[in-house]
Number of protein chains: 2
Amino acid sequence: MTRRAAIRDAATRLFAEHGPERVTLKQIADAAGVSAPLVVHHFGSKDGLKQVVDDHVGRVFDDLFAEFSEHPELLAAPAGGASLAELLTRHLPPDSPVPAYLRRLLLSGAPEGYRLFRRWYELSLGFTVAMHEAGVLRPGTDPVALTVFLMADDLATILLRDHFADVTGVDPLSAEGLARWGEQALSICRHGFLVDNEEGTE
Amino acid sequence: MTRRAAIRDAATRLFAEHGPERVTLKQIADAAGVSAPLVVHHFGSKDGLKQVVDDHVGRVFDDLFAEFSEHPELLAAPAGGASLAELLTRHLPPDSPVPAYLRRLLLSGAPEGYRLFRRWYELSLGFTVAMHEAGVLRPGTDPVALTVFLMADDLATILLRDHFADVTGVDPLSAEGLARWGEQALSICRHGFLVDNEEGTE
DNA sequence: CAGGATACTAAATGCCCGTTCAGTCTTCTG
DNA sequence: CAGAAGACTGAACGGGCATTTAGTATCCTG
């Protein structure tokens, strides 16, 4: 691996973990085994590096989305709804900094974050619309509203993973969590969770 | 309002908007109409100020949760599920920095963020369990899994509000968004969204 | 009203950190 | 193999920022 790539990767991990503001060029350089000025030499400035990392992470998702567009069966897996979060977790090594970086990207207001979210949305919407046209959805379902609903749930699992793990004792993206979660989610997708109080009166 | 409180409020707004790392004491002081050293005089250090703001925002939520615990009917509103996000939005002035601050609190890994999440979870779980015991939930529903499901959706609406607004053109926490959203959500709570393919075979 | 505490400020301090400089080493290219 | 271009480093620089200092005004309290 080229030194340039080593710097980029070290920065990705450190940015994801502590946020770019808290990370110094020296820390990045040390983690990559180089000197601080070399970082500037390769990326122009700290800001330049940040942008390169943003783009790079964006590209990881592009690849994931592209792969999924070509092989939608990857997803049709356990749960009824489209869980890109699950797919992402399976796709990346367990210690990947990408999920944590995604958090920052979505919540920092960075342009790459908005681009990424939009692509995610369009992919999800396409999937929902396809289900709609295939007649798998209950009549009267609004595909846009449903997409928002499903995406919110999906992304929250990534964004709040640590909190859910802390509170329930189960990492929602571990095998155990996915099982327990997926079963319930599928049931909700099919029937909802409320007793249908109109059944008796109709 | 005491100057101390003015500083605290200015800091809350600026921290929420740009993140504590990007905000200087001078900016806070200017926004509050005081000098920078006065901030140190009242809060010891920038870090001290950050902690006070964390606690203060935490207390806002404590109050909200307490009020809700005493008057659960506040919530039983439109949607079937418990939308604390909606309640929060109604409760705060439209330009309140609290929702944006909540984002940072939950995603920065700050201890106050974990405390806050836990209280939110316990409140939600209590509500779900109550529904369970009242027999409103479909048999076989796991209250914990359901709580996780509902909270994820609820919190994502706050955390990703800007992104959803950007992509759909509708702020999900505006009156229009809540209407469109709530209707769909209620339907999902009742029946799910998938055509029940077991109906025909059973 | 004395005088101590507290609120407050302008100016000074010192550190951290991104960046630049000057120079060496390595690697291509003709 | 010459010699130019790029990779790379240690040392210096300079700006920004939190914090300290020293001193003034304001407010309590007896």
Side-chain angles (χ1 to χ4, degrees), chain A residues 1-58 97 100-101 104-105 107-113, chain B residues 1-58 97 100-101 104-105 107-113:
Chain A
M1 182 169 52
T2 141
R3 302 245 226 185
R4 190 191 143 95
I7 295 170
R8 192 214 325 108
D9 289 356
T12 307
R13 176 157 265 111
L14 286 168
F15 285 172
E17 204 159 332
H18 309 289
E21 299 89 354
R22 291 195 164 283
V23 176
T24 72
L25 284 188
K26 178 116 189 14
Q27 289 173 311
I28 298 170
D30 285 352
V34 302
S35 68
L38 187 64
V39 179
V40 177
H41 178 247
H42 278 302
F43 299 93
S45 67
K46 187 181 180 180
D47 241 39
L49 172 60
K50 211 165 63 182
Q51 233 172 303
V52 168
V53 173
D54 276 5
D55 288 358
H56 184 250
V57 172
Y101 202 90
R104 305 212 169 255
L105 217 41
L107 290 142
S108 67
E112 183 59 35
Chain B
M1 184 172 47
T2 137
R3 302 245 226 187
R4 190 191 143 95
I7 294 171
R8 193 214 324 107
D9 289 356
T12 307
R13 176 157 265 110
L14 286 168
F15 285 171
E17 204 159 334
H18 309 288
E21 299 89 355
R22 293 194 165 285
V23 176
T24 71
L25 284 188
K26 177 123 189 13
Q27 289 173 311
I28 298 169
D30 286 352
V34 302
S35 69
L38 187 64
V39 178
V40 177
H41 177 248
H42 278 302
F43 299 93
S45 68
K46 187 181 179 180
D47 242 40
L49 172 59
K50 212 164 64 182
Q51 233 172 302
V52 168
V53 174
D54 277 6
D55 287 359
H56 184 249
V57 172
Y101 202 91
R104 306 213 167 253
L105 216 42
L107 290 143
S108 68
E112 183 58 37

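Naming: A, B, ... by sequence-line order, numbering from 1 per chain. Just so it is clear, the structure is predicted and the values come from calculations on it, not from any experiment.
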Trainee: Without decimals, in angstroms, what is the distance between H42(A) NE2 and dG6(D) P?
Mentor: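 Spelled out: NE2 on H42(A) to P on dG6(D) is 12 Å.
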Trainee: L25(A) has a side chain; which of dA18(D), dA10(C), dT19(C) sits nearest to it?
Mentor: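 So the side chain of L25(A) is nearest to dT19(C).
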Trainee: Answer yes or no: is there a donor N or O on one side and an acceptor on the other, between the side chain of R4(A) and the main chain of H42(A), under 3.5 Å?
Mentor: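 Here the side-chain-to-backbone pair exists.
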Trainee: Any salt bridge linking D54(B) with K50(B)? Criterion: basic side-chain nitrogen under 4.0 Å from a carboxylate oxygen.
Mentor: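 No, D54(B) and K50(B) are not salt-bridged.
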Trainee: More 5' along DNA chain C: R22(A) or V40(A), using each one's nearest nucleotide?
Mentor: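 Taking each residue's closest nucleotide, the earlier one in sequence belongs to R22(A).
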Trainee: Grab the CD1-C1' distance between I7(A) and dT9(D) for me, whole Å please.
Mentor: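 From I7(A) CD1 to dT9(D) C1': 13 Å.
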Trainee: Report the distance from atom CG of D30(B) to atom C1' of dA10(C), rounded to the nearest whole Å.
Mentor: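 Distance check: D30(B) CG to dA10(C) C1' gives 14 Å.
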Trainee: So what does V34(B) touch, heavy atoms closer than 4.0 Å: a base, only the sugar-phosphate, or nothing?
Mentor: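 Result for V34(B) = sugar-phosphate.
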Trainee: Above 12 or not: heavy atoms from other molecules or residues under 6.0 Å from CD of Q27(A)?
Mentor: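 Atom CD in Q27(A) is crowded, with more than 12 foreign heavy atoms closer than 6.0 Å.
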Trainee: Rounded to whole Å, please give me the gap between CZ in R4(B) and P in dC8(C).
Mentor: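 One finds 11 Å between P of dC8(C) and CZ of R4(B), rounded.
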Trainee: Rounded to the nearest angstrom, tell me the gap between atom CG in L38(A) and atom C1' in dC17(C).
Mentor: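 In whole Å, dC17(C) C1' and L38(A) CG are 17 Å from each other.
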Trainee: Taking the side chain of P37(B) as its heavy atoms from C-beta onward, which of dC21(C), dA7(D), dA11(C) lies nearest to it?
Mentor: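 Between dC21(C), dA7(D), dA11(C), the one nearest the side chain of P37(B) would be dA11(C).
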Trainee: To the nearest Å, how far apart are I28(A) CD1 and dT19(C) P?
Mentor: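 It is 11 Å, rounded to the nearest whole Å.
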Trainee: Under a 4.5 Å cut-off applied to non-hydrogen side-chain atoms, are V40(B) and K46(B) in contact?
Mentor: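 SC-SC contact between V40(B) and K46(B) ruled out.
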Trainee: From the list dG10(D), dT19(C), dC17(D), which nucleotide is the closest neighbour of the side chain of A36(A)?
Mentor: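 Within the option list, the nearest is dT19(C).
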Trainee: Say whether, by atom type as modelled, one donor and one acceptor occur between the side chain of R104(A) and the main chain of F15(A) under 3.5 angstrom.
Mentor: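 Yes; at least one donor-acceptor contact below 3.5 Å.
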Trainee: Mind calculating the distance between CZ (R3(B)) and P (dT9(C)) to the nearest angstrom?
Mentor: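 Rounding to the nearest Å, CZ of R3(B) and P of dT9(C) are 5 Å apart.
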Trainee: Tell me: CG of D47(B) to P of dC17(D), nearest whole Å?
Mentor: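 Distance, rounded to whole Å: 17 Å.
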Trainee: Looking at H41(B), does any N or O in its side chain come under 4.0 Å of the phosphate oxygens OP1/OP2 on dC8(C)?
Mentor: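 Checking H41(B) against dC8(C): no side-chain N or O falls below 4.0 Å of OP1 or OP2.
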